[in-house]
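Counting starts at 1 for both ligands and their atoms, following the listed order.
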Amino acid sequence: MKKVLLSLAALCFAPSAATLADELPQVANVLARRITSLNGSWNYIVDVQEEGYYDYRMKPMRGGFFLNAKPQRPEDLIEYDFDKAPTMQVPGDWNTQDERLFFYEGTVWFKRSFDWHPNGDRRTLLYFGAVNYEAHVYVNGRLAGHHVGGFTPFNYDVTDLLHEGENFVILKVDNKRRAENVPTLIFDWWNYGGITRDVLLVDVAPTYVENYCLGLASAEVDRRGNRPVTFSVKLNRAEAGRQVVLSIPELKLQQVVTTGSDGTATLTFNARKLQLWSPASPKLYDVEIRLDEEVLRDEIGFRTIQARGKQLLLNGEPIFLKGISIHEEKPHGGGRANSTDDAHTLLSWAKELGCNFVRLAHYPHNEYAVREAERMGILVWSEIPVYWTIAWTNPDTYQNAEHQLTDMILRDQNRANVIIWSIANETPHSPERDQFLGRLAKHARSLDASRLISMAMEVTSASNFQNRLQDNMSQYVDVVSFNQYIGWYRDVNDAAKMSWEIPYDKPVIVSEFGGGAKYGLHGEKNQRWTEEFQENLYRENCAMLDKIDGLAGTSPWILKDFRSPRRVLNGVQDYYNRKGLFSDRGEKKKAFYVLKEWYEKK
Ligand code: GCB
């Protein structure tokens, strides 16, 4: 059959049929629901020239994969038994599971079969934690939906596509970079393709709690220690009069809300003697949310975050964010990370460095990482991949970015450790960019007014040694953040001479600084790529940062070397960005100790 695949003309047309399942808003806290995992071995076919043709309208499907050069009649279709194709692990990127796919950017088809027993009037959602970048999802040969965006969850109601006995899911996954995508054509990380996060079947009642939000309503506390807490809940349907019960057993607290005609309800009540969440004491309360017989459990922390003048206040107290940036890669090499264990290792390294904060760059990381950081007392900056240039004037690009932002917020809005939503990274100034980002910032605030908004800006230099930050976006953000690379993209000796002007009465975060070093390469401090060069660069930068007025935190670039196709130097980079304080295998470089020492004094 492989012969057929190769000999076919390069012609494919994607099914244009309307999707058959409902694409639903994301179901929150998915791991606490009744789930059946579809993780594991999936068959796959690499389809470089898009020969794959899959259209249920041509022929009832039995799980075959159909190939033909523009089939006109059903009998012209050639069926291939997909189960004979090789397998790879899901979740997982394809780049590190098949060496032929290391640099691959294109289409791969996936298939997995499973047994299923429909359960009365209950509904079944098919949930993907993330698929990079574009996915067409078929269930038993019928198109369930199409999703764009590589780092956020999506789900379909597939109840009516499933039947008793054996069922199958087929995905067409395409990670080709495109100018109108978010991110766009150029970005400094590996474009890992595939089904990179969990695939789950979620069993829900016809009416279920789709999402909820629980947290402190404000920083107020009265003389008796009461604090206002807000609970809001949204059902999947606009059903009025449904009662949802919130319980926090440890506080002996129970509240009942009743939905209005839009299926939502909100209540603010006082909670007494709440122990607040903080890095020093990451207290989480077991919480139950009940609708009829269905109970959703979560662990929720309570804290406030505010910007006051140039200060950041956590629970009303000034805090300095001792951070580090992280990409979502396995700690000891081997591609995309997607587990609590991976997250725990990376975050333990951050803790060892003295961090209370991580910047999860440059896209929403998996939910395991955010939750593990919360348990470990680590504050989080979470970001969408509006990176460098974007097709600012393209309305679809805007919708795509807004969609990713919405899904990031809906997934993590109950995490006490997430304090900053970042809407962009290093975007060159223009009126079109200002309009795009201004709209995005307003959207973020309309969804979540309880957190801070920021973006990694670029410094505009007034003169050689006087750096000035001037960005029209500063009016939309609560925290002004910027990246700077003195010592790497500019002479390290300039650091001591620099002065900084940040003309905004807002907290300042230096969201990136750093330079490359190859682990184990030693030499003089002025010798690029040596550990000594990076060590000196960190020394000079830390001394310089100490002079920035209103500095509220920093997240140097980066915890660990990460794969990037832009880093092509043989023997030095080998397709790794080497700015890590740890090597790609997890070995500490000398600069680690410089930053650690600086953080100890902060
Ligand atoms: C940056 C980018 C980051 C890059 C880094 C670098 O400014 O925000 O994504 O990886 O510089 O290493 O050049």
Is Arg567 near ligand 1, meaning one of its heavy atoms is under 4.0 Å from it?
yes
So which heavy atom in the protein is nearest atom 10 (O) of ligand 1, and how far is it from that ligand atom?
Asp188 OD2, 2.5 Å
Using a 4.0 Å heavy-atom cut-off, say whether Tyr485 meets ligand 1 through its side chain, its backbone, both or neither.
side chain
Suppose I only count heavy atoms of Phe562 and a 4.0 Å limit; which atoms of ligand 1 are within that range?
10 (O)
Does only the side chain of Phe513 get under 4.0 Å from ligand 1, or the backbone, or both, or neither? Count heavy atoms.
neither
Show the atoms of ligand 1 that are less than 4.0 angstrom away from any heavy atom in His362.
3 (C), 8 (O), 9 (O)
So the atoms of ligand 1 within less than 4.0 Å of a heavy atom of Asn425 turn out to be 2 (C), 8 (O)
In this structure, atom 13 (O) of ligand 1 is nearest to the protein heavy atom Tyr489 OH, 2.5 Å
Structural part of Tyr387 in contact with ligand 1, heavy atom criterion under 4.0 angstrom
side chain
I need the atoms of ligand 1 closer than 4.0 Å to a non-hydrogen atom of Asn577, numbered in the order shown.
6 (C), 10 (O), 12 (O)
Can a non-hydrogen atom of Phe187 be found less than 4.0 Å from any atom of ligand 1?
no
Quick one: do Glu512 and Arg359 make a salt bridge, cutoff under 4.0 Å?
yes
How would you list, by chain and number, every residue that makes a side-chain contact (heavy atoms from CB on, under 4.5 Å) with His344, sequence neighbours excluded?
Ser348, Glu372, Met376
Give a yes or no on this: more than 12 heavy atoms of other residues, nucleotides or ligands lie within 6.0 Å of atom CD of Gln435.
no
In short, Met473 meets Asp471 closest at the heavy-atom pair N-OD1, 2.8 Å
I'd like to know if the side chain of Arg177 and the backbone of Leu185 have a donor-acceptor N/O pair within less than 3.5 Å.
yes
Would a 4.5 Å heavy-atom cut-off, applied to side chains only, mark Val418 and Val370 as touching?
yes
Using a cut-off of 6.0 Å, state whether more than 12 heavy atoms not belonging to Glu600 lie near its atom CD.
yes
With a sphere of 6.0 Å drawn around CG of Leu569, does it hold more than 12 non-hydrogen atoms of other residues, nucleotides or ligands?
yes
Among all protein heavy atoms, pick out the one at the shortest distance from atom 1 (C) of ligand 1; state its residue, atom name and that distance to 0.1 Å.
Glu512 OE1, 2.9 Å
More than 12 heavy atoms of other residues, nucleotides or ligands under 6.0 Å from CZ of Arg308: is that the case?
no
Is ligand 1 less than 4.0 angstrom away from at least one heavy atom of Trp488?
no
Protein contact of atom 6 (C) of ligand 1 - nearest heavy atom, named by residue and atom, plus distance:
Lys579 NZ, 3.3 Å
Residue list, ring-ring contact (aromatic ring centres under 6.0 Å, His included) with Trp381, at least two apart or on another chain:
none
Location of contacts on Ile558 toward ligand 1, heavy atoms closer than 4.0 Å
neither
What is the nearest protein non-hydrogen atom to atom 7 (O) of ligand 1, stated with its residue, atom name and distance?
Glu426 OE2, 2.3 Å
